Amino acid sequence: MDNILSILVFFPAFAGMLGFVVDKDSARAYGISVATIEFFLALWLWMTFDGSNGGMQFVEMFPLVPDFGISYYLGVDGISLFIVVMATLMTLIGMISMSIKADIKNMIISLLFLEMTMVGVFVALDAIVFYLFWELSLVPMLYIVGAWGGPRRVYAAIKFFLYTFFGSLIMLVGMLFLAYLYHDVTGTWSFAITDWYALVLPIEYQVWLFIAFFFGFAIKVPMFPFHTWLPYAHGQAPTIGSVILAAVLLKMGTYGFVRFSLPIFPDASVMMITPIAILSLIMVIYTAMVAYAQKDIKQVIAYSSVSHMGIIMLGVFAMNAEGISGSIFLMLSHGIVSGALFMLVGVIYDRLHTKELSAFGGLAAVMPKYALVFGIMLMASVGLPLTIGFVGEFLVLLGFYKVSPMMTILAGTTIIIGAIYMLSIYKRTFFGPVTNEENKKLKDLNGKEVTAFIPLVAIVIWLGVYPKPVLEPIDNSVKSLVSFMEKKAQTQEAKDIIISSNDGEDK
Amino acid sequence: MLEPISVSLESLNLSSLTPMLVAIGGALAILIIDLIKSGLHKSLYVMLTLLVLLIDLGAVMGLGVNQRGFFDLMLIDGISIISQALILLGSMLFIPLALTSKRFHEYSYPEYFALFLFMIAGYQFMVSSDNLILIFVGLETASLALYTLIAMHNRPNSYEAAVKYFTMGAMAAGFFAMGAATVYATTGSVELYKIAEVMQSRMDEAGLMIAIIGGGLLLLVAFAFKMSLFPFHTWGPDAYEGASAPLAGFMSIVPKLAAIVVSMRLFGMYIDIGIEEIRDAILVLSVLTMTLANIMALVQGDVKRMLAYSSISHAGFVMAAIALDTTKGNTGIFLYYVMFLFTNLGAFAMLWISRHKNNTYHDRFDHPYEKFAGLIKVMPMGAVVMALFMLSLAGVPPFSVFWGKIFVMGAAVDAGYVWLAIVMGINSAISAYYYLKLIVYMFLKDPASNDGTIYYNISKPLMTIIGIAVFATVTSVLYVQPLIAYISYMVGASGY
């Protein structure tokens, strides 16, 4: 199947369209079946993927609007492969654990359309196709947050939409300008990212374009100070919305930096290391502190999720193979872990209808399985060795150490602060006496929830102990990316930084 | 005693007039039919009008590119052919909207359809001439017919709309006449190509520049009125509100398209000969229009008024492309209008089918947001279709208006106006808010109506038109390439 990427992208959308016909009571089963098939298709992609090849595979291309250089151009490499697999997995698990009853059919259809856009973003190699999926992903998300969310859901949904829409329009201008520059140099129009890679741009253009793309990506990540929409969206979104948002949608931003900013603007990226590192550090430390101050358990997870995205950003801008591979690995682990944490919050919310930490306490005695899963995910989130969270975080810090030891130490505090707030909510939730009478009657995880969590726990431990099958293909692609950047960088300074931060690599 | 001038029939090239003559002939035929047998059903006239428009379209497509005719008054070039085709296409989508299931006053008069065809002929004259006087005649013919069409909706606020539009239109006509007079005074001609020559040669003369720029600005104000650019837009929302919904949709496309084609010829000439002040004035007007109309659209309580302001904002967006004066910019204008035509007419048609004379939700507005609340629960299909149109208008890919937007923004970037592209981007982001507001009402609120429908006015022909609009909006990615190729060939062939 050479066109497996097209199938992966459009299968959920077709299924979504057919889903209008499916009976309301069977919609959920239908959604889970479709998501399972999609997940197996993604696994098939992984199996047939050649891990030793760092380049693009399964490439599909045909011109869409040749006069304007737009083509339908898909491909996958080690960087995007696992994010696609993770996205399909999290959609499936999210659907299994979903407890929503109202308008379930609309929810399933929205999720399937959302899945199309998520896969599409990560496999698109044409900027306009990328932009298309990027923007389309906002629509189902708007509906999911707005229709099933908390009391202020409409406000949260609109804020989410407008924030990201604004950023991506600035990015669109950047794309158009880049296409124009490409046309200026070569005489042909092209929006293909691989064509843009070949374009050597003057430094000042690089800086401006970097900033334009930065708006699009940074709002999505969300980088400090553009992060304000996210806690709000998480606070109001239903569990499934938070899961998808944290696990996949945020990764679009960091993925964008890796796919666009680094290889297309290598000099500007090197110039921007320090400002971005500072913003990321603020994001890491400040939001971790904010997380500690929250009274609502979901907000704690939301802020901790932002805090970890800061580490991912640092890794991307380490400009070396360890850092970038680490941050891509961290994207996967963050996707799985924060997705799982949001699901866990959803579990308790379904039972108690509150997210206030003060209402919990002593749950370990009442819900032992729940406490166990929560504990494992929490450790993975903090970055305990032998869990999935450790591998990525370690690699990122290792990578960034070569750029700036000082900043790395500051970033390392995330593990400490993270441990503080995470253990503190764990203590307040699970230990001590059961203060709330109602809590004594709580039921432990049911079969549906156990089914959802077992694979996640397995992955957390498997990839924590033995990350090689995933890390190696990522690393191959990242190495070719880094050596490409080094060749393409024009200023000696940029070359030096890329080389020195890659010290000890065989190139 | 003047020498007799002999004119051969061939030199008149009457074939350049056929499209307009078809429309006028059709209008007269409708009047005659009414004379012979009155009281015929509106569906007959609708179909007759449609057929006349079809023949008209055939005649337009049969015209050769770049010919002149009728004492050089007519200029049939690429942009004239495309814009006539677009005008006819828009009209053909508009006219069947008369076939509602409810009865409306204006459609019981055959004169409505005759006036409509006269109006189309007027716009066709307007876009296929480079003679200021013929442009003026075309413009006024069309406008006078349009005022009447608005008033025929037969409600107090329709009269208000018509009178407001008429007064403002008369003022615009005054500006146009003064501008044309100034141009004539400085160049001694009313033909654009001669004006350009003389103006170029006299640009260095002391003290003349002020007259040249002044004339240009007067003309610009005239067209700013017609295209409802800020600050000459004040008639717009009221006229849209007073007119019937399809007519409002029509007004947001066809008259503006005609005005923009003339602007392309007229102000393109000024920019070509290097009068940068006109370019700056257009840029200022268009940026102000985009931004302020957007902001005003944010606070509207009525969907129709919101769409009116949004149309103004879109007009500003397109007007900015005039200032670029590049082939790509001009191609973008037409592409934008094709895309906008389907989506916007579709959106207004959706309002039209929700119209009910007695069942109102608000004492001031016909289509308050509340009316659409919870539509997804009542009529899922209707809600999805309306949401599609809104997303398309907001420029969400891959729906139609997105392609127009990126083409125009791309043209701005290519011409070196990156800041303009950014302003356009920011405005699209602002506009997303008010389009979303409707989506939020439809999808995220609880229903206000217990009727089980708000589409009282639906009928098969209307559904067909909406179906065509939806199809064109959703599948735009498939036809955007041939469209761009055709338009840029036509625009390039006529040297714009």
Side-chain angles (χ1 to χ4, degrees), chain A residues 20 63-70 72 103 105-106 110 128-139 142-143 145-149 153-155 157-159 161-181 183-184 189 191 205 208-209 212 215-216, chain B residues 328 331-332 335 376-377 380-381 384 387-388 391 394-399 402-403 405-416 418-433 435-437 439-441 443-445 477-489:
Chain A
F20 279 107
L64 217 52
V65 189
D67 281 8
F68 201 34
I70 301 170
Y72 175 78
D103 294 330
K105 188 166 148 184
N106 298 4
S110 320
I128 296 297
V129 176
F130 174 87
Y131 180 80
L132 195 151
F133 287 121
W134 173 282
E135 290 286 56
L136 266 186
S137 72
L138 301 179
V139 180
L142 170 87
Y143 183 43
V145 176
W148 288 274
R153 55 184 187 265
V154 172
Y155 175 79
I158 291 182
K159 189 168 179 178
F161 191 100
L162 288 184
Y163 240 102
T164 23
F165 195 61
F166 171 79
S168 35
L169 279 162
I170 304 285
M171 179 174 79
L172 180 64
V173 177
M175 285 175 177
L176 292 171
F177 191 62
L178 202 47
Y180 165 69
L181 289 176
H183 177 253
D184 222 23
W189 288 101
F191 281 91
Y205 281 159
W208 283 111
L209 285 168
F215 269 106
Chain B
K328 195 171 175 190
T331 307
L335 182 69
I376 183 75
K377 300 214 174 79
M381 215 47 212
V384 169
L388 266 181
L391 290 175
V396 172
F399 306 119
F402 166 73
W403 299 105
K405 278 200 173 169
I406 87 162
F407 210 82
V408 171
M409 282 162 80
V413 168
D414 295 354
V418 178
W419 65 266
L420 185 63
I422 293 175
V423 170
M424 288 170 169
I426 293 173
N427 269 302
S428 298
I430 300 175
S431 75
Y433 179 79
Y435 297 125
L436 272 188
K437 194 165 151 191
I439 295 182
V440 163
Y441 267 93
F443 282 73
L444 309 179
K445 304 234 165 169
V477 62
L478 301 176
Y479 63 81
V480 66
Q481 163 62 26
L483 200 61
I484 291 178
Y486 177 69
I487 294 176
S488 64
Y489 165 73

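Quantities reported herein were computed from a predicted structural model and do not represent experimental measurements. Residue numbers start from 1 in every chain, and the chains themselves are labelled A, B, ... in the order their sequence lines are given, proteins ahead of strands.
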Exercise: identify the closest heavy-atom pair between B:A394 and B:A432: CB-CA, 4.2 Å
Choice from A:W148, A:W189, A:W208, A:W134 maximising heavy atom contacts with chain B below 4.5 Å: A:W189
Choice from B:V396, B:I484, B:L436 maximising heavy atom contacts with chain A below 4.5 Å: B:L436
Other residues, nucleotides, ligands: >12 heavy atoms within 6.0 Å of B:Y489 OH: no
A:F177/A:Y205 under ring-ring contact (aromatic ring centres under 6.0 Å, His included): CA gap, chis, key distance, verdict: CA-CA 9 Å; A:F177 191 62; A:Y205 281 159; 5.5 Å; yes
Nearest heavy atoms of B:M409 and A:L176, plus distance in Å: CB-CD1, 3.5 Å
Toward chain A, the part of B:K437 with a non-hydrogen atom under 4.5 Å: neither
Which atoms of B:L391 approach chain A - backbone, side chain, both or neither, heavy atom under 4.5 Å: side chain
Toward chain B, the part of A:D103 with a non-hydrogen atom under 4.5 Å: side chain
With sequence neighbours excluded, residues passing side-chain hydrogen bond (donor to acceptor under 3.5 Å, both in side chains) with B:Y433: none
Heavy-atom pair count under 4.5 Å with chain A, highest-scoring of B:L478, B:V480, B:D414, B:V418: B:D414
Option in A:F133, A:F166, A:F68, A:Y131 with maximal non-hydrogen atom pairs under 4.5 Å from chain B: A:F68
Could you list the donor-acceptor pairs under 3.5 angstrom formed between side-chain atoms of residues 421-428 of chain B and any protein atom two or more places apart in sequence or on another chain?
residue : atom : partner : partner atom : Å
B:N427  : OD1  : B:N294  : ND2          : 2.9
B:N427  : ND2  : B:T291  : OG1          : 3.4
B:N427  : ND2  : B:V423  : O            : 3.1
B:S428  : OG   : B:K405  : NZ           : 3.2
B:S428  : OG   : B:M424  : O            : 3.0

Engaged part of A:I170 at the chain B interface, taking heavy atoms whose separation is under 4.5 Å: side chain
Any donor-acceptor pair under 3.5 Å from A:K105 side chain to A:F20 backbone: yes
A:L181, part contacting chain B, at a heavy-atom distance under 4.5 Å: neither
Contacting region of A:V139 [heavy-atom separation from chain B under 4.5 Å]: side chain
Minimum-distance pair of heavy atoms, taken over all atoms of A:F165 and B:A429: CD2-CA, 3.7 Å
Proximity breakdown for A:L138 and chain B, heavy-atom pairs closer than 4.5 Å: neither
Contacting moiety of A:L64, where chain B heavy atoms sit under 4.5 Å: both
